Amino acid sequence: MQPNLDRLLRASLRAFTPYQPGTSVDEVKRRYGIERPVKLSQNENPLGTSPRAMDALRSIGALSDYDEDDFSWLRALLGRPYGLDADSVILGHGSNELVQLAFTAFVDPGDDVVFANPSFALFRKDTQVAAANAIEVPLLEGVHDLDAMLAAVTPKTKLVFVCDPNNPTGTRVEREALFAFAERLRSDVLLVLDQAYREYMDAGGTDGVEVLRRRPATLVLRTASKIYGLAAARFGYGYASPQITAWLDRVRLPFNVSRTAALAVKAAMGDIEFVARSITNNELGKAQLYAAFERLGLRAFPTAANFIAVEVPAKASDAYQALLERGVIVRSGDGLRMPGRLRVTIGTPEENAAFLHELEALLPEWRAATLAAVRR
Ligand SMILES: Cc1ncc(COP(=O)(O)O)c(C=O)c1O
């Protein structure tokens with residue numbers, strides 16, 4: 001007997017669209033017979049994991065015990081650079097879990113949640129799961145339209161997300177504009193600043209903790225998945241006032257962070273050399289890609305992250321598919337609400353060159369097809 005979901009499934013999930021992860025390396029190998037695909041689709045660290053973190057992982061003995069639940073030593077360590085105590089820090093199974101906890105703690109069915117469009121797909125997904133109303137505010141020239149977002153806040157609004165730098169565009173908001181916005185938001189609304197790519201920002205970028213200091217109803221999210229090269233360890237952390245972290249802490253699962261992740265993160269954060277090397281690689285890659293895009297006549301948003309949203313003269317999903325068949329995995333803007341663009345992770349110089357080589361080879365074909373369509 002098949003399960004009957006007609007009654008079983010929550011009504012708010014009937015129109016639910018599942019999250020689409022990018023195509024995996026194994027799938028490309030299998031489907032197209034390509035020996036070593038270039039993966040520039042998930043904004044991971046192309047230099048891999050900090051060697052110090054790998055050493056820490058290798059030194060772990062038994063994993064038989066539940067070990068620690070609150071990791072106060074790690075929260076203290078993460079708070080220290082900002083002079084924040086452990087009780088202003090919350091840990092999660094990836095920063096994605098912390099987004100979910102904000103919903104669990106604060107959002108009732110029918111509440112409003114405000115975020116940009118396009119922005120990180122998870123905000124929409126979690127809003128749907130919570131049976132809340134997604135109030136999506138279009139970006140202005142690829143950047144958060146903070147005035148429009150403020151205007152979209154209603155008495156029912158509980159959460160406002162600002163993704164800085166924004167995924168999928170890579171753009172960041174201006175510092176003073178963010179401060180002004182934060183100060184004008186009501187104090188019974190939680191501002192969630194997702195800063196998964198904070199470490200890649202230059203000096204012009206805003207440290208979310210500066211916003212938190214001015215506006216206590218703020219949750220600043222960070223992750224070990226990007227610059228620290230620990231996406232598979234699943235570790236995220238957040239800064240907020242103790243009144244907020246206490247509620248996130250109460251609704252989380254027990255032992256939500258693993259000892260393996262905690263030890264790897266501690267080592268990775270002490271690996272200044274690896275972080276510096278990752279930033280240098282990103283800056284060099286950015287220069288390499290922007291120079292090529294300019295030479296090829298392709299426009300791209302200015303990025304503050306480790307990926308670039310570039311325009312292509314083709315339907316994004318066709319461009320994505322053509323690159324895939326040539327062994328380069330990127331993300332199509334069609335699935336990211338960014339039609340006409342590809343999202344490309346900045347890789348090593350060799351990976352960037354491989355991507356540019358295939359892109360350049362495909363451009364004449366795409367341009368000819370576009371021209372023919374216009375003439376038709
Ligand atoms: C905006 C944003 N937030 C968070 C994350 C990372 O989440 P996690 O820390 O759960 O790996 C990503 C990764 O793609 C992201 O783009």
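Just so it is clear, the structure is predicted and the values come from calculations on it, not from any experiment. Remember, it's 1-based here, ligands and their atoms both numbered in the order they're listed. Side chains included, hydrogens not; waters and symmetry mates left out as well; all remaining heavy atoms used.
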Name the one of L146, T218, V114 that satisfies side chain to side chain contact (heavy atoms under 4.5 Å, CB included) with V162?
L146
So if I count the atoms of ligand 1 from 1 in the order they appear, which ones are less than 4.0 Å from some heavy atom of G94?
8 (P), 9 (O), 10 (O)
Interatomic distance, CG@N256 vs CG@L98, rounded to 0.5 Å, equals 8.0 Å
Distance col, row L296:CG vs R367:CZ, nearest 0.5 angstrom, shows 7.0 Å
Contact with ligand 1 for D194, non-hydrogen, under 4.0 angstrom
yes
Classify the angle between the aromatic ring planes of Y237 and F235 as parallel (below 30°), tilted (30 to 60°) or perpendicular (above 60°).
tilted
Under a 4.0 Å heavy-atom limit, does N96 contact ligand 1 with its side chain, its backbone, both, or neither?
both
Students often mix this up, so state it plainly: with edges at 30° and 60°, are the rings of F161 and F123 parallel, tilted or perpendicular?
parallel
Does ligand 1 come near enough to E97 that some N or O of the ligand is less than 3.5 Å from an N or O of the residue?
no
Around atom CZ of R184, are there more than 12 heavy atoms from other residues, nucleotides or ligands closer than 6.0 Å?
no
Looking at ligand 1, would S95 count as a contact under a 4.0 Å heavy-atom criterion?
yes
Under 4.0 Å between heavy atoms, the region of C163 that gets near ligand 1 turns out to be side chain
Which one of F307, Y197, Y237 has a non-hydrogen atom at the shortest distance from atom 15 (C) of ligand 1?
Y197
Using a strict cut-off of 4.0 Å, indicate which atoms of ligand 1 neighbour a heavy atom of T223.
8 (P), 9 (O), 11 (O)
Would you check the N or O atoms of S225, main chain and side chain alike, for any that come under 3.5 Å of an N or O of ligand 1?
yes
At a 4.0 Å cut-off, with the gap strictly under it, does some heavy atom of K226 reach an atom of ligand 1?
yes
Which atoms of ligand 1 have any heavy atom of N167 under 4.0 Å away?
1 (C), 15 (C), 16 (O)
Starting from atom 12 (C) of ligand 1, locate the nearest protein heavy atom and write down its residue, its atom name and how far away it is, to 0.1 Å.
F120 CZ, 3.6 Å
If every non-hydrogen atom of F274 is compared with every non-hydrogen atom of G48, which pair is closest and at what distance?
CZ-O, 3.4 Å
What distance separates F255 CZ from D69 CG, expressed to the nearest 0.5 Å?
5.0 Å
Between ligand 1 and R234, is the shortest N or O to N or O distance under 3.5 Å?
yes
Where do F307 and Y197 land on the ring-ring contact (aromatic ring centres under 6.0 Å, His included) test, with the steps shown first?
CA-CA 10 Å; F307 57 90; Y197 304 96; 5.0 Å; yes
